[in-house]
Every structure is written in structure tokens, then in C-alpha cells.
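Heavy atoms only: backbone and side chains are in, while hydrogens, waters and symmetry mates are out.
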Amino acid sequence: GAGTEWYANISQNYRAINFTDLRIVNPNFVVDSNLRDERGFTADLGIRGGKSGFFTYEITAFYIAYEGKIGQVLRADLPPLYNDYRFRSNISDARNMGLEAFGEINLLHWYHREKPAAQRPRLTLFVNAALVDARYVNTDDASVRNKKVEMAPPVMLRSGLSFQRGAWRGAFQYAWIAQHYSDATNAERT
């Protein structure tokens, strides 16, 4: 059948500190002894629909708020050595907002229409894309204020083509992720 569905959601987030947050991977890594859990909320609004056996789609707008986002910044040690080190702490509040879209179409929808749907070959093309703006906000720390949140690519694209005939299925998939930062200060060099 065909149809369209609207949906909305809002939920409270809680992310407890885990072992990875506390782990020191090399001597140039320091973890804040006052590290605390993250809190926040997630909200989304979307639409999905399509026509059974032919195409489906989904588009979602989202907003994620973090209080006390855990992140890493590059710091310099005390005199006389001034060695650089990575410091993991509750860096700042953060907000992520974006749009995600998915679409899939059966390119052979009209091929062999006289056969039952389960017996028809399928050539399906899908595309999934996400646009994300994730930034640190509400902070007095100029080194991270309005900087991009690390490990949050601004663009993600996944696409693929699959062919199915009976029990046999083959697929080709492609993924592309835009350049993003590994450090909360958006440092180009570490």
C-alpha cells in the first residue's frame, strides 16, 4: 500500500562515564579527575512513506543537546618543559542539529508484473545522506567556543545498488564521510 506517516519524539539523554573515557592510551594523555556524566535531550521530527514494492523514503530533522559534553583539547604542560598533551574532560555544552534523508527505489518494479511479487527480480537503488552541524556552546573557554564537536562529520553519504532474484542477492555499496576533527579545539596539528 501507499501511505505517509509523520512522527515526533523528545527524550532525555544520559551518558555515563565509561572505561574508554578514563583510559589513558599513551603518556601524552591526561584525564580530568573531576570528569562527570553527560546529560541532555534529543528531539526529532520526521516523515516517512512510499509505495509498497516500489519506493520508500524517510526524512528526519533532529536536535541533540549535551550538558557537560566529554571531549579532548590540546594543552601545554607546566614550565620548564611545556610538553603538549591531550586533556579529556567535560569540555562544554554542545548541540548537534541536522537533517537525515533516506530513499530507496525498486528499478524493476514494472518488470514481470504478471508474476507474484516474491518471484519477481528486484534491482534496488538506495541513498542515505545526513547533514550535521555539531558545535560547542555555552562556554567561557575561547578555545572551544562555537567550534565543531569532534568525531561529528558534517556530511555523510551512503548509497548502494542491490539485485535479488529468488534466493540469490548481490550488492554494491558506497560510503563517503566528510573531513572532521578529532579535537574539540579543531586543531589541524597535534
- side chain to side chain donor-acceptor pair (under 3.5 Å) involving S143 - partner list, sequence neighbours excluded: D141
- Query: For M156, what are the other residues in its hydrophobic cluster, where any two members join if their side-chain heavy atoms are less than 4.5 angstrom apart?
  - Reply: F62, I64, Y66, V132, I177
- Task: Please list, chain by chain and in numerical order, all residues satisfying ring-ring contact (aromatic ring centres under 6.0 Å, His included) with Y63, sequence neighbours excluded.
- Result: F41
- Residues that, via side-chain heavy atoms closer than 4.5 angstrom, fall in one hydrophobic cluster with Y7: none
- Pairing residues for F163 by the ring-ring contact (aromatic ring centres under 6.0 Å, His included) criterion, not counting sequence neighbours: W168
- Apply side chain to side chain donor-acceptor pair (under 3.5 Å) to S159 and list each qualifying residue two or more places apart in sequence or on a separate chain. none
- Members besides F102 in its Ile/Leu/Val/Met/Phe/Trp/Tyr cluster (side-chain heavy atoms under 4.5 Å): F126
- Item | Remaining members of hydrophobic cluster (4.5 Å side-chain criterion), F87 | V30, V73, Y85, I91, Y136, V144, V149
- Message: For D183 and R86: C-alpha separation, side-chain torsions, deciding distance, then whether salt bridge (Lys or Arg N to Asp or Glu O under 4.0 Å) applies.
- Response: CA-CA 9 Å; D183 178 281; R86 288 191 169 276; 3.2 Å; yes
- Query: Do any pairs count as a salt bridge (Lys or Arg N to Asp or Glu O under 4.0 Å) and have a residue in residues 18-29, sequence neighbours left out, and if so which ones?
  - Reply: R15-D21
- Item | side-chain hydrogen bond (donor to acceptor under 3.5 Å, both in side chains) pairs, two or more places apart, involving residues 95-106 | R95-D133, E100-N128
- For I70 and E38, run side-chain contact (heavy atoms from CB on, under 4.5 Å): C-alpha distance rounded to whole Å, both residues' side-chain angles, the deciding distance at 0.1 Å, then the answer. CA-CA 7 Å; I70 296 172; E38 296 176 350; 3.3 Å; yes
- Item | Contacts of type side chain to side chain donor-acceptor pair (under 3.5 Å), residue Q72, not counting sequence neighbours | none
- Item | Residue pairs fulfilling salt bridge (Lys or Arg N to Asp or Glu O under 4.0 Å) with at least one residue in residues 5-14, sequence neighbours excluded | E5-R48
